[in-house]
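This report concerns only the one structure given below.
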Amino acid sequence: MAATVTEGVKNLKVEESNGKVPQGSPTKNGDADHEDSEDEKEDADGAPEAGVTGATKKKKRKARKKKKAGTGAAGAKVQSSPPRVPVSELFPDSNYPEGEICEYRNENAYRTTSEEKRHLDRMNNDFLTEYRQGAEVHRQVRQWAQKNIKPGQTLTEIAEGIEDSVRALTGHPGLEEGDALLGGMGFPTGLSINHCAAHYTPNAGNKMVLQKEDVMKVDFGVHINGRIVDSAFTMTFDPVYDNLLAAVKDATNTGLREAGIDVRMCDIGAAIQEAMESYEVEINGQMLPVKCIRNLNGHSIGQFNIHGGKTVPIVKGGDQTKMEEGETFAIETFGSTGKGYVRDDMETSHYAKRDDAPKVALRVSSAKTLLASITKNFGTLPFCRRYLDRLGHDKYLLGLNNLVNAGIVEAYPPLCDNKGSYTAQFEHTFVLRPTVKEIISRGDDY
């Protein structure tokens with residue numbers, strides 16, 4: 001659109017030529033305090049006392065500090081599996097990791113050292129802290145998911161595993177009124193299989209099971225105060241699809257590299273298409289070209305608004321609009337072995353209240369009740385039917401369809417290429433800071 005462990009600090013042994021080991025106690029910073037014996041004392045000039053030679057003087061080994069365990073120094077909490085420790089506890093100083101920092105090129109190279117731009121950058125601390133917190137949640141959850149998602153699991157099990165983890169790590173379970181607006185899911189977890197490219201998440205009662213031969217796009221968002229981190233990856237369990245995934249990952253990385261202040265959208269799209277369509281993949285003995293899905297795009301992101309108004313094409317031609325300083329974008333590319341064009345198909349699960357929703361009279365009472373709940377719990381953030389079930393809504397489809405027909409809520413059906421084809425997706429979110437481009441969702445995994 002996507003138990004805690006405490007470690008103590010060990011006392012360190014100091015080698016003594018006479019075999020004696022002084023007893024040290026851990027200090028606050030992890031160094032051991034050792035009492036010096038008489039022959040270890042030095043005078044005010046730093047020289048050994050009389051009678052102590054260099055051969056007999058003992059050396060004190062410097063205490064080694066514990067290595068960081070995932071998040072902090074010795075004694076800090078570490079993440080559980082499944083993830084349940086809020087990242088605010090793992091980073092109590094709110095100093096969340098930066099994303100990938102990319103310096104601007106060409107005519108924008110001056111921004112890196114410009115004092116004026118650096119001053120503007122320092123004014124964005126709260127904005128960036130919220131994004132980085134959400135990005136750290138996304139990284140920890142998705143890396144857990146990549147290790148634990150296996151064929152044989154139901155899509156509902158996979159989606160709820162990701163969503164429960166995101167809510168726990170943001171510290172916002174979302175069951176109290178308005179809590180989900182403070183932080184949590186930026187949009188429902190997309191689990192689109194094979195020819196379905198986007199916007200599929202299981203509704204209640206869905207029994208679909210992930211198969212070994214499936215190609216599954218995992219697309220979920222995390223938000224803190226409406227700052228949405230949108231990032232996606234593709235999972236396969238058969239190496240036959242490796243080239244398909246390589247093509248899409250290369251295309252996404254190309255788009256990220258080309259993006260920047262004053263860069264035209266059409267130029268980014270042309271570079272993405274050139275990278276993507278240089279690949280082909282062999283499936284069932286047939287060589288198939290990898291095509292860009294030409295009617296799917298990247299997009300700008302606004303606060304509480306996953307689609308901020310600008311689109312980033314993944315094919316050449318079209319929009320001459322430029323990216324601007326301070327904007328946030330998601331570069332997402334989709335590759336397909338099919339036609340390279342998607343259409344609406346299957347049962348709808350994704351919805352969102354429109355930010356320009358008209359004020360119209362609603363004659364269906366269930367629609368009024370549902371709208372009030374959507375506004376209080378999601379605002380303009382996308383939601384799915386499972387989220388309404390979770391809040392205790394029952395028999396709400398009539399009211400939901402009434403809101404869609406009235407133009408207040410937008411429905412987002414699954415988007416599919418032709419059956420029998422395979423599609424893949426990779427996506428990252430970046431911020432065009434005044435001094436540098438920061439790919440906030442970048443991780444060691446992709």
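Throughout, numbering of the chain's residues begins at 1 and tracks the sequence.
- Minimum interatomic distance between C266 and G317 (heavy atoms only, all atoms of both residues): CB-O, 3.8 Å.
- Judged purely by distance below 3.5 Å, without hydrogens or angles, the side chains of H299 and E332 pair a donor atom with an acceptor atom.
- Y341 OH: 12 or fewer foreign heavy atoms inside a 6.0 Å radius.
- Of all the heavy atoms in P83 and A168, the pair that sits closest is O-CB, 4.1 Å.
- Partners of R363 under the side-chain hydrogen bond (donor to acceptor under 3.5 Å, both in side chains) rule, at least two apart in sequence or in another chain, do not exist in this structure.
- At least one donor-acceptor pair under 3.5 Å links the side chain of T333 to the backbone N or O of V248.
- Surrounding CD of E103 are at most 12 heavy atoms belonging to other residues, nucleotides or ligands under 6.0 Å away.
- One side chain, R84 or S165, offers a donor N or O that lies under 3.5 Å from an acceptor on the other.
- S349 contributes no side-chain N or O that, together with a main-chain N or O of Y200, makes up a donor-acceptor pair within less than 3.5 Å.
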Hey, mind stepping through D250 and Y279 against side-chain contact (heavy atoms from CB on, under 4.5 Å) and telling me if it holds? CA-CA 10 Å; D250 187 7; Y279 289 80; 2.9 Å; yes
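- Listed for the H428 side chain is a donor-acceptor partner under 3.5 Å among the backbone atoms of Y446.
- In this structure, CG on L169 lies 11.5 Å from CG on D164, to the nearest 0.5 angstrom.
- In this structure, the side chain of S80 engages the main chain of P82 through a donor-acceptor pair within 3.5 Å.
- For the pair R122 and E115, the salt-bridge criterion is met [side-chain N within less than 4.0 Å of a carboxylate O].
- Between the side chain of N243 and the backbone N or O of E280, at least one donor-acceptor pair lies under 3.5 Å.
- Within a 6.0 Å sphere centred on NZ of K150, other residues, nucleotides and ligands contribute more than 12 heavy atoms.
- At most 12 heavy atoms of other shown residues, nucleotides or ligands fall within 6.0 angstrom of atom CG in D126.
- K353 and T375 share a side-chain donor-acceptor pair at under 3.5 Å.
- The number of heavy atoms from other shown groups lying within 6.0 Å of CD (Q146) is above 12.
- Taking OG of S300 as the start and NE2 of H307 as the end, the distance is 9.0 Å to the nearest 0.5 Å.
- Applying the 6.0 Å contact sphere to CE of M287 captures more than 12 heavy atoms from other residues, nucleotides or ligands.
- The shortest non-hydrogen separation linking S373 to H393 is OG-NE2, 2.7 Å.
- Stacking of R167 on the aromatic ring of Y387 is recorded, both the 6.0 Å distance cut-off and the 45° axial limit being met.
- There is a side-chain donor-acceptor pair under 3.5 Å between T321 and D319.
- Aromatic pair F426/F233: ring centres not closer than 6.0 Å.
- For E347 and R385, the salt-bridge test passes: some basic side-chain N is under 4.0 Å from an acidic carboxylate O.
- Taken to the nearest 0.5 Å, the CG atom of L371 stands 11.0 Å off from the OG atom of S366.
- Going from atom OG1 of T234 over to atom CD of E427 covers 10.5 Å, rounded to the nearest 0.5 Å.
- Ionic pairing of K217 and D219 is not present here: no N-O contact between side-chain nitrogen and carboxylate oxygen is shorter than 4.0 angstrom.
- Sorted by first and then second residue, the pairs that involve residues 435-445 and meet salt bridge (Lys or Arg N to Asp or Glu O under 4.0 Å), not counting sequence neighbours, are E100-R442, R132-E438, R142-D445, R433-E438.
- Of the possible polar contacts, one joining the D179 side chain to the G174 backbone as a donor-acceptor pair under 3.5 Å is found.
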Please determine whether side-chain contact (heavy atoms from CB on, under 4.5 Å) holds for the pair I162 and V218, giving the CA-CA distance in whole Å, both sets of side-chain angles, and the decisive distance to 0.1 Å. CA-CA 10 Å; I162 290 172; V218 182; 3.8 Å; yes
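- Between H223 and T170, the shortest heavy-atom distance links the atoms O-CG2, 4.4 Å.
- In this structure a side-chain-to-backbone donor-acceptor pair under 3.5 Å is present from D417 to G340.
- Taking OG1 of T337 as the reference point, atom CD of Q286 lies at 9.0 Å (rounded to 0.5 Å).
- For Y422 and Y241, the distance between ring centers is under 6.0 angstrom.
- Heavy atoms only, all atoms of each residue included: Y131 and I228 are closest at CE2-O, 3.3 Å.
- Taking both residues in full, the closest heavy atoms of V229 and H138 are given as O-CD2, 4.0 Å, listed atom of the first, atom of the second, then distance.
- A side-chain donor-acceptor contact under 3.5 Å links R111 to the backbone of P434.
- Judged purely by atom type and a 3.5 angstrom limit, D214 uses its side chain to pair as donor or acceptor with the backbone of Q211.
- Formation of a donor-acceptor pair under 3.5 Å by the E277 side chain with backbone atoms of P289 is not found in this model.
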